[in-house]
Amino acid sequence: MRLVSEDKPSHLEDVISLRRYLHRHPELSEQEHNTSRVVQERLEEYGIPFSAGYAGTGVLASIEGGKPGRTVALRAEMDALPIREENDHDFVSENEGVMHACGHDAHTAMLVGAGRLLNEVKDRLPGRVLLVFQPAEENSPRGGSLEMMKEGVFEGREPDAIFAQHVWPDLPVGKVGVREGAITGSSDRFKVVIEGRAGHASKPHKGTDAIVVANQVINSLQSIVSRDVDPLRSAVLTVGRISGGTRYNAIAEKVELEGTVRTFSPKTKARVKDRFYAIVNGVSASMEAGAYIEYHDGYPATLNTPEWAARVRKTAQALLGEDSVVEVEPSLGGEDFGRFLQRYPGAYFRLGTAEPRTGEKKRLHDARFDVDESALAPGTELMAQLAVDALEDLSRRPA
Ligand code: NI
């Protein structure tokens, strides 16, 4: 079934006005109270049933199709970032120091719009469509997805496939980026405290120099990516911060290191993490220093199910043209949607939002980030059509 809106301009106006409203009133992770309320108001206005309060401000809307079938979920995030907006359009943030600099305002507005389109044709839908509005995507490693699932958001209505999109300034409006397998990486975070023994700089043998130990630890950590990881796989281990010591003529008692580990495959991640512990503990122990490790598992890699990535490709081609789909490289940025994909098959794709003629890029998480609003129509229609096509794919499967 090809979705054709009866009143496309009015739908689009609603999506744009909602996006601008949300942009003007951004809220930080776990504080999306007003956003959640506005989403609920719109759903009510369109006659879409929902329940709310998952992981605090999360909302789940459910569109029951008129024909029996499976369940497809569509997801958007609602939170903004602690960034002071530097744009000068007439809907800049009114919440000082908070900004929708990752396009979640657009994601939420497009999902509401897609829900409206789907609800109008619900009698003809072979199955159920869930709209998932999640909080706290920017709050890694906590996030909002895990909490929503723990609170039973999908109880009695587990999705057979789940999809999400992200605005993408590296692609022009009208293009969609997708790939099979990993599309974003896992991002872990660590802190290490190396504890030596203080002493006078002139008597190193009486102390344990935490700076020399840290130096050995950092150098040895470099061998993980170069010697322990399969050269055909990707991994990054970065020590981004180091501090220690008190003055020029004292042996440093303590050094603190902080950094991050980025990988695509769970196997590579496990290997890097194992070697990280072994090297930090082993090198420190061999030099008679103590080591205390805090390792935070961040979002897992977002792993697209091949058949659902192919569905995104086909639907986008039918809707936006044969050459609209770009096979993109994965990025090592983190994404909470990876946790939904650990439980359910599905796909995550990128929606081109760069100005189509100039191709001007507005970087994500930047104070001047913006999306070209002509991307909102294809983004809204693509999400809705994807749900229809996925339900139809599923209805052809044996029960
Ligand atoms: Ni984002």
Side-chain angles (χ1 to χ4, degrees), residues 18-19 22-23 25-32 35-36 39 55 57-59 74-83 85 87 93 95 98-112 114 131-148 162-171 176-179 182-187 189 260 262 298-304 312 328-341 346-354 361-373 375-376 379-380 382-383:
L18 179 56
R19 184 256 161 169
L22 295 175
H23 194 87
H25 304 281
E27 294 172 300
L28 291 173
S29 305
E30 301 187 1
Q31 298 171 30
E32 310 88 343
T35 309
S36 174
V39 165
T57 59
V59 180
L74 306 172
R75 169 279 208 174
E77 331 84 306
M78 300 190 292
D79 54 334
L81 286 158
I83 292 175
E85 180 156 21
N87 284 316
S93 170
N95 191 356
V98 183
M99 176 189 175
H100 269 296
C102 199
H104 298 182
D105 50 344
H107 301 166
T108 296
M110 289 188 283
L111 188 57
V112 170
L131 313 176
V132 184
F133 298 90
Q134 82 150 87
E137 195 283 327
E138 300 288 0
N139 193 19
S140 177
R142 220 165 111 85
S145 66
L146 208 56
E147 203 55 36
M148 287 186 91
I162 183 164
F163 298 94
Q165 62 179 344
H166 205 294
V167 297
W168 205 251
D170 285 335
L171 291 172
V176 168
V178 71
R179 74 190 320 274
I183 187 159
T184 76
S186 72
S187 64
R189 181 173 174 170
T260 181
R262 307 285 172 116
Y299 296 149
T302 300
L303 302 175
N304 281 344
V312 171
V328 287
E329 293 285 321
S331 103
L332 278 167
E335 168 58 62
D336 195 10
F337 190 65
R339 287 194 175 138
F340 285 123
L341 287 186
Y348 173 91
F349 61 92
R350 298 175 183 159
L351 178 75
T353 52
K361 293 170 190 173
K362 308 262 193 162
R363 289 180 303 118
L364 292 166
H365 292 212
D366 184 277
R368 300 195 71 85
F369 172 74
D370 197 8
V371 300
D372 189 290
E373 284 184 336
L376 298 179
T380 303
L382 183 52
M383 284 296 262

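Both counts, for ligands and for their atoms, begin at 1 and track the order of listing. By convention here, the first residue in the shown sequence is residue 1.
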- request: Search all heavy atoms of E32 against all heavy atoms of A136 and return the closest pair with its distance.
  value: OE2-N, 2.7 Å
message: Any N/O/S atom, side chain or main chain, of H107 closer to the Ni ion (ligand 1) than 2.8 Å?
response: no
field: Basic-acidic side-chain contact under 4.0 Å: D370, R19
entry: yes
query: Taking the six-membered ring for Trp, is the centroid-to-centroid distance between H23 and H104 below 6.0 Å?
result: no
field: Rounded to 10 degrees, the angle NE2 of H104 makes with SG of C102 at the Ni ion (ligand 1)
entry: 100°
- prompt: When you check the gap from the basic side-chain N to the acidic O, do R75 and E335 get nearer than 4.0 Å?
  reply: yes
H166 atom (N/O/S) at minimal separation from the Ni ion (ligand 1): NE2
